[in-house]
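For reference, the structure discussed in these notes is given below.
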Amino acid sequence: MGQFRFLTGGESHGKGLIAIVEGMVAALPLEEEYINQELKRRQQGYGRGPRMKIEEDKAEIMAGVRYGLTIGSPIALFITNRDWQNWQEQLSVSPIEKEVEPVTCPRPGHADLAGVSKYGLKDIRPIMERASARETAARVAVGAIARRFLEEFDIVIRSHTVAIGPHRWERPKASSVNWGQVEASPVRCGHAELGKAMMAAIDEAKASGDTLGGIFEVIATGVPIGLGSHVSWDRRLDGRIARAIMSINAVKGVEIGAGFALAGLKGSQAHDVIKPLTRTLSLEGRGLGEGEGKQSLRWRHATNRAGGIEGGISNSEDIIVKAAVKPIATLASPLPSIDLRSGEKTKAHYERSDICVVPAGGVIGEAMLAIVLADACLEKLGGDNLKETLANYRNYLSNIS
Ligand SMILES: Cc1cc2nc3c(=O)[nH]c(=O)nc-3n(C[C@H](O)[C@H](O)[C@H](O)COP(=O)(O)O)c2cc1C
């Protein structure tokens with residue numbers, strides 16, 4: 001990450017989450033309500049645990065915005081954890097008299113065992129608190145700022161659920177996803193029947209004390225050609241996206257475009273041939289004035305197996321990313337583990353938990369992709385004020401050969 005950076009802080013059941021966002025241009029319209037809509041989307045999804053009924057995530061903008069416009073200084077955000085009320089002893093910042101029962105039976109698949117060993121702790125609680133995906137609420141808030149910025153370039157980012165457990169829906173083409181249906185679906189699936197099957201699978205898993213994983217897909221449309229670079233490993237856009245998506249809790253695989261399927265194809269079947277266009281394709285963005293700096297591409301890729309990136313550079317096609325989400329590690333019928341105090345066999349720790357987080361994962365994936373693309377846009381276009389960045393964009397588009 002270069003131009004657009006952020007850090008988050010906060011424990012799952014602490015007072016709240018904070019994020020400090022650096023590098024956003026001045027004069028970008030930004031309101032709390034815009035951020036809160038995204039937070040709400042993250043909280044939904046069939047298969048979430050009771051925690052999401054307690055929380056009603058709202059971000060408070062503490063700095064960096066004046067009269068509804070960014071001012072170029074770091075943007076500071078705060079999201080209250082309502083549940084903190086119930087955890088004041090376990091998460092007390094000051095020492096307390098009372099002895100709180102430590103968590104000592106690590107959950108296989110969670111950060112518990114590696115975390116306590118690494119940090120030299122006897123109680124798993126601090127590890128669970130920060131490894132929890134509650135932290136992703138802060139990322140979604142940061143992602144909303146990135147999304148607001150990308151809107152100025154007509155870049156739109158959406159996600160949908162491809163699979164939950166054994167039920168999988170492959171969309172034939174990006175255009176065939178009914179996004180209204182996805183947003184209305186409790187599992188964010190664009191296929192009604194499969195959506196129902198996914199919900200039934202979640203119910204079944206819940207009834208047997210189990211959990212489920214799956215796959216979500218994130219698609220960015222309107223991305224201009226030329227974000228990222230082939231020249232150095234850490235500037236490659238595909239590498240930056242893969243890292244950002246893989247950093248989401250429980251994501252264990254990332255695929256760009258046809259990804260793993262490409263490995264089994266011949267070169268003649270795998271690549272997206274370039275064809276001339278008789279009709280020119282406009283790259284005009286919302287920020288561009290009428291007829292100003294307009295650039296039209298005279299070609300198009302016949303297919304998009306590359307997922308919009310070639311040589312680490314965006315190639316003007318949709319950016320398509322899939323992520324494999326493993327089943328949640330906290331099981332109501334806990335897996336075998338040991339008690340770290342005695343070394344004896346026991347069951348893993350259990351506390352209130354989600355059953356399936358694939359739908360929420362998609363919303364978090366959108367945020368992470370937005371953050372990477374905002375960063376790549378700022379790197380490509382520069383500027384300290386939105387007007388300047390948009391002028392640079394116009395200039396860039398009118399000079400593409
Ligand atoms: C939105 C979301 C919610 C999650 N909720 C839970 C949960 O309730 N219980 C749980 O054990 N893991 C949950 N996880 C997954 C853990 O945070 C994750 O498995 C853990 O941090 C270990 O990291 P790893 O799976 O990436 O190795 C959730 C993940 C996401 C994306």
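All values reported here derive from a predicted model rather than from experimental measurement. Numbering of ligands and ligand atoms starts at 1, following listing order.
- Close contacts between ligand 1 and Lys326 involve ligand atoms 19 (O), 24 (P), 25 (O), 27 (O) [criterion: under 4.0 Å to a heavy atom].
- Where the criterion is an N or O separation shorter than 3.5 Å, residue side chain and backbone included, Ala250 meets it with respect to ligand 1.
- The residues Lys58 and Glu32 are annotated as not salt-bridged, no charged nitrogen and carboxylate oxygen being separated by less than 4.0 angstrom.
- Counting heavy atoms under 4.0 Å from ligand 1, residue Arg42 does not touch it at all.
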With salt bridge (Lys or Arg N to Asp or Glu O under 4.0 Å) as the criterion, how do Lys40 and Glu56 come out once you've worked through the C-alpha distance, each side chain's angles and the decisive distance to 0.1 Å?
CA-CA 8 Å; Lys40 197 167 176 196; Glu56 195 195 326; over 6 Å; no
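- Closest protein heavy atom to atom 7 (C) of ligand 1: Ser353 OG, 3.3 Å.
- Taking any N or O of Thr330, backbone or side chain, at least one lies under 3.5 Å from an N or O belonging to ligand 1.
- Listed for the Gln43 side chain is a donor-acceptor partner under 3.5 Å among the backbone atoms of Asp57.
- Using a 4.5 Å cut-off on side-chain heavy atoms (C-beta onward), Leu373 and Ile157 make contact.
- A salt bridge is defined here as a Lys NZ or Arg NE, NH1 or NH2 lying under 4.0 Å from an Asp or Glu carboxylate O, and Glu366 with Arg41 meets this definition.
- Considering each of His110, Met128, Lys252, the one bringing a non-hydrogen atom nearest atom 27 (O) of ligand 1 is Lys252.
- Within the 4.0 Å heavy-atom criterion, both parts of Asp354, backbone and side chain, lie near ligand 1.
- No N or O atom of Ser132 sits closer than 3.5 Å to an N or O atom of ligand 1.
- Ring geometry for Trp169 against His191 counts as tilted: the plane angle lies between 30° and 60°, on a 0 to 90° scale.
- Residues Glu351 and Met128 have side chains in contact (heavy-atom distance under 4.5 Å, counting atoms from C-beta outward).
- In terms of protein heavy-atom proximity, atom 2 (C) of ligand 1 is nearest to Ala133 CB, 3.4 Å.
- One option in Asp112, Ile328, Asn249 has a heavy atom closer to atom 14 (N) of ligand 1 than any other, and that option is Ile328.
- Ile215 has its side chain out of reach of Thr161: every pair of non-hydrogen atoms, C-beta onward, lies at least 4.5 Å apart.
- With a 4.0 Å cut-off on non-hydrogen atoms, Ile364 touches ligand 1 through its side chain and not its backbone.
- Nearest protein heavy-atom neighbour of atom 21 (O) of ligand 1: Ala131 O, 2.8 Å.
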